[in-house]
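Written out below as structure tokens is the structure these notes cover.
A, B, ... follow the sequence lines: proteins, then strands. Residue 1 opens every chain. In this text, all values refer to a predicted model and were calculated from it rather than measured experimentally.
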Amino acid sequence: MDYNPQKIEEKWQKYWKENKTNFCNLDEKKKDKFYNLVMFYYPSGDKIHIGHGYNYTGADVFGRYKKMVGFNVLQPIGADAFGLPAENYAIKTGVHPAQSIKQNIDFGRKQLKSLGIIFDWDKEINTSDPEYYKWTQWLFGVLYKNGLAYRAEAPVNWCPSCKTVLANEQATEGKCERCGSEVIQKNLNQWFFKITDYAERLLEDHKKLDWPERTIAMQKNWIGKSEGTNIKFKINNNEIEVFTTRIDTIFGVTALILAPEHELVQKITTSEHKKEVDNYISVSKKKSELERTDLEKEKTGVFIGAYAINPLNNEKIPVWIGDYVIATYGGGAVMFVPAHDERDFEFAKKYKIEIREVISGGDILKGAFTEYGKLVNSGEFNGLDSEQAIKRITQWLERNNLGKKTINYRLRDWLISRQRYWGAPIPIIYCDKCGEVLDENLPVKLPDLKDFKPTNEGESPLARSKEFVNVKCPKCGSPAKRSTETMDTFVCSSWYFLRYLSPHLDKSAFDKKLVDKWLPVDQYTGGAEHACLHLLYARFITKVLFDQKFIKFDEPFTKLNHQGMILAADGSKMSKSKGNVVIPDDYIKKYGADTFRMYVLFIAAFEDGGAWNDKSIIGVYRFLTKVWNYSPIPHSTKFSDNQALSLLNKTIKKVSDDIKNFKFNTAISSMMEFVNFIYNPSVVSMLNIDDWGNFLKILAPFVPHITEELWENLGNKKSIFEEKWPKYDEKLVKKDTIDLVIQVNGKVRDKIEVNADISEKEATKLVLSNNKIKPWLNNQEPKRIIFVKGKLINMVV
RNA sequence: GGGCGAGUGGCGGAAUGGUAUACGCACAACACUUAAAAUGUUGCGAGCUUUGCUCAUGAGGGUUCGACUCCCUCCUCGCCCACCA
């Protein structure tokens with residue numbers, strides 16, 4: 001019979017569904033648990049993106065392998081269903097987000113099944129379902145009650161097109177992550193989660209994680225710890241704290257620059273400068289984030305008429321404002337040291353501010369000297385090295401109560417409120433008598449709106465629903481108003497891995513016993529683009545829940561792997577607008593899911609990804625056809641050919657090791673080598689049924705349908721995934737004979753077949769009498785002989 | 001500007017101190033066929049004076065008996081962050 005993937009794939013997908021193959025038993029006691037998690041998907045488009053297919057296929061191979069080696073594997077999936085894309089789609093089409101989301105989830109489920117990916121479908125979750133977001137709201141309450149959720153007026157990123165605020169992480173390069181519009185700064189009253197309280201622990205606990213180094217580096221960079229000194233300057237009767245990493249340059253300070261938004265600016269600006277200063281502030285307010293952070297543009301600033309006192313030498317220094325100073329970092333103020341900071345140097349040249357050298361080693365007429373050196377022009381600290389000076393000056397400040405050693409982080413608190421419809425409502429009620437009241441009568445259900453458009457003023461569409469807004473205060477019963485804001489979707493996804501274990505539980509967010517047993521996640525697989533968003537937020541929320549004793553672990557994901565990106569044939573990113581998107585369905589129809597799965601993993605190393613090539617997929621199909629057509633020796637009492645058996649054992653070892661390390665591409669090529677070998681008519685290479693069956697088992701995680709069918713054809717009654725992963729025989733992996741490589745001066749001159757355990761003496765003897773080697777030795781005794789057992793011998797002459 | 005990574009045949013890629021180019025695609029020749037497809041066999045880095053030799057892993061240098069692999073300098077590309085004081 002010919003290989004007909006469509007037919008057998010349908011058959012086995014049905015079989016897995018009916019027999020709940022690979023679905024884990026949460027209460028199983030004999031086997032060790034293994035929580036194999038993939039990042040859940042956003043059900044926005046109409047097709048599962050190939051990136052998801054890639055991600056989930058790799059994780060599925062790994063999960064099926066883990067099951068076969070004897071673990072009780074939990075492999076759940078769900079939908080991250082709240083958020084802007086569904087809402088924007090609703091505004092455009094009038095289709096309610098709940099409806100389009102449902103359609104997309106149904107479609108996604110079908111697609112994942114058609115890829116032969118096994119998920120525990122009975123544990124599926126949907127973050128936009130009230131039974132789920134009830135507990136997202138509960139989570140808000142946990143943070144709120146512990147002082148980790150607060151409301152504050154702050155300059156925030158505002159996307160004029162999406163008409164909503166964005167978290168710092170969602171507004172990179174001054175552009176909206178979703179729509180690409182230029183983000184502007186607005187002062188708004190918003191809800192924040194105090195992730196900054198956890199900055200140090202988030203850094204410290206990186207040690208505990210088996211994660212890709214670059215992901216940890218990205219998080220470190222994002223948290224941005226820097227050690228320095230806070231120093232107080234007096235301006236009239238006011239005090240201003242400035243952060244610096246270079247307190248050794250304090251005697252070179254010739255100005256103080258404040259952010260235009262700094263609260264003291266209005267207070268200390270003198271009347272003759274007021275007009276100019278107000279003018280400057282209003283211009284910089286109008287600038288977009290992109291303009292303000294454009295490095296190419298010259299820095300600007302204005303003198304505000306006030307003077308500050310340098311506490312070390314009591315010198316009077318002018319105070320300026322400049323919009324390159326970030327309001328939210330280091331107190332929004334900078335001490336200006338043009339001799340030893342490049343940016344300050346340029347600014348000083350432009351505005352003719354004094355440049356005073358205090359660290360020797362450079363030429364301050366030519367440019368700023370930014371390295372460490374010996375202090376000059378620095379009073380009693382003259383002659384010290386920068387490093388010593390930093391310590392001594394900081395100590396001096398601490399003694400005089402004028403400053404202290406300080407650690408600053410770039411990480412800012414997580415802005416979680418959104419003035420949009422499609423999200424989990426923030427469970428807060430405003431009462432005239434009681435003020436801000438946490439609503440613990442959950443869920444606070446989203447009303448069924450027809451008009452989802454946000455207002456131009458940035459008010460949430462939820463404000464339109466009077467039934468939603470007008471409520472009674474839970475404390476005193478008098479009329480009150482509900483908050484109309486919803487939460488950032490990243491709040492929903494920061495705890496979803498706890499919910500899978502009890503997706504419909506009504507009494508609490510998660511089943512504590514099951515969470516104690518199953519968490520933390522053993523293997524997490526998903527995109528690297530989440531390094532500073534989801535992966536950081538989930539770690540933060542986990543630590544909060546740990547501190548409040550809801551869970552017993554403080555890191556959610558022990559081991560993390562990323563999949564690379566599958567690119568279009570020309571190496572560019574796939575996008576709908578370019579029309580170069582690869583849709584798995586087309587290939588599943590043509591070649592079958594098994595071929596698709598194996599090919600996508602064969603393209604390149606999993607973590608690298610690579611370009612999709614339409615032509616190469618045929619190679620995998622040919623390989624599977626060969627597997628399909630192979631006939632082993634029917635009686636299992638007969639032994640297989642020795643060479644074939646040896647290679648089989650080697651292949652088992654190689655495939656096992658490679659799957660463990662997510663190196664699917666090389667696992668596949670070694671299985672191809674094996675099949676090529678047993679097909680080669682020039683060698684006797686028959687396998688008996690048992691050995692062939694073992695090969696099918698190691699092949700099974702990659703191509704589950706065809707292997708199930710062939711396994712059944714061999715006369716087996718149970719699924720191949722009920723089988724134990726084959727063990728390899730160490731003796732058979734090692735060959736009796738090897739090709740010993742003979743080198744002269746490091747160059748290969750011959751290869752001879754010898755016993756694998758040949759000694760150096762014997763090998764030397766053979767080499768010296770070898771006719772091909774003799775001419776290279778030039779009748780000389782080798783100066784040195786390097787012998788690598790089982791591999792090579794190198795004669796140095 | 002800072003951080004991380006990569007550069008290997010016509011193409012995707014393998015090899016992390018020990019046989020460079022595994023595996024796959026494409027291509028060519030042959031077999032089968034009326035023919036084509038499919039399949040199979042063989043070949044396939046470059047050059048040369050071709051039983052073999054020389055050169056070749058972005059460029060140049062170094063360490064080593066031996067370097068795609070380690071070190072230094074430079075070039076190119078990708079990703080992340082970026083006026084962070």
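Taking side-chain N and O atoms only, Tyr599(A) has no distance below 4.0 Å to OP1 or OP2 of G24(B). Note on Asn745(A): every side-chain N or O is 4.0 Å or more away from OP1 and OP2 of G66(B). Contact annotation: Arg784(A) does not reach the phosphate of G66(B) (side-chain N/O to OP1 or OP2, under 4.0 Å). In this model, the phosphate group of C84(B) is not approached by any side-chain N or O of Arg412(A) to a distance below 4.0 Å at OP1 or OP2. For the OP1/OP2 pair of G13(B) and a distance below 4.0 Å, the side-chain nitrogens and oxygens of Asn613(A) include no atom meeting the criterion. Side-chain N/O atoms of Ser226(A) include one lying less than 4.0 angstrom from OP1 or OP2 on A85(B). Taking side-chain N and O atoms only, Lys654(A) has no distance below 4.0 Å to OP1 or OP2 of A22(B). A sub-4.0 Å separation between OP1 or OP2 of A22(B) and a side-chain N or O of Lys650(A) is absent. Checking the phosphate oxygens (OP1, OP2) of A26(B), a side-chain nitrogen or oxygen of Arg622(A) falls inside 4.0 Å.
For the residue pair Thr196(A) / Asp413(A), a side-chain donor-acceptor distance below 3.5 Å is found, with atom types taken as modelled.
Rounded to whole Å, the distance from NZ on Lys626(A) to C1' on C23(B) is 11 Å.
Side chain of Asn221(A), nearest nucleotide from C81(B), A85(B), C65(B): C81(B).
The pair Asp658(A)-Lys654(A) counts as a salt bridge, with a side-chain nitrogen and a carboxylate oxygen less than 4.0 angstrom apart.
In this structure, the ring of Phe336(A) has its center less than 6.0 angstrom from the ring center of Phe347(A).
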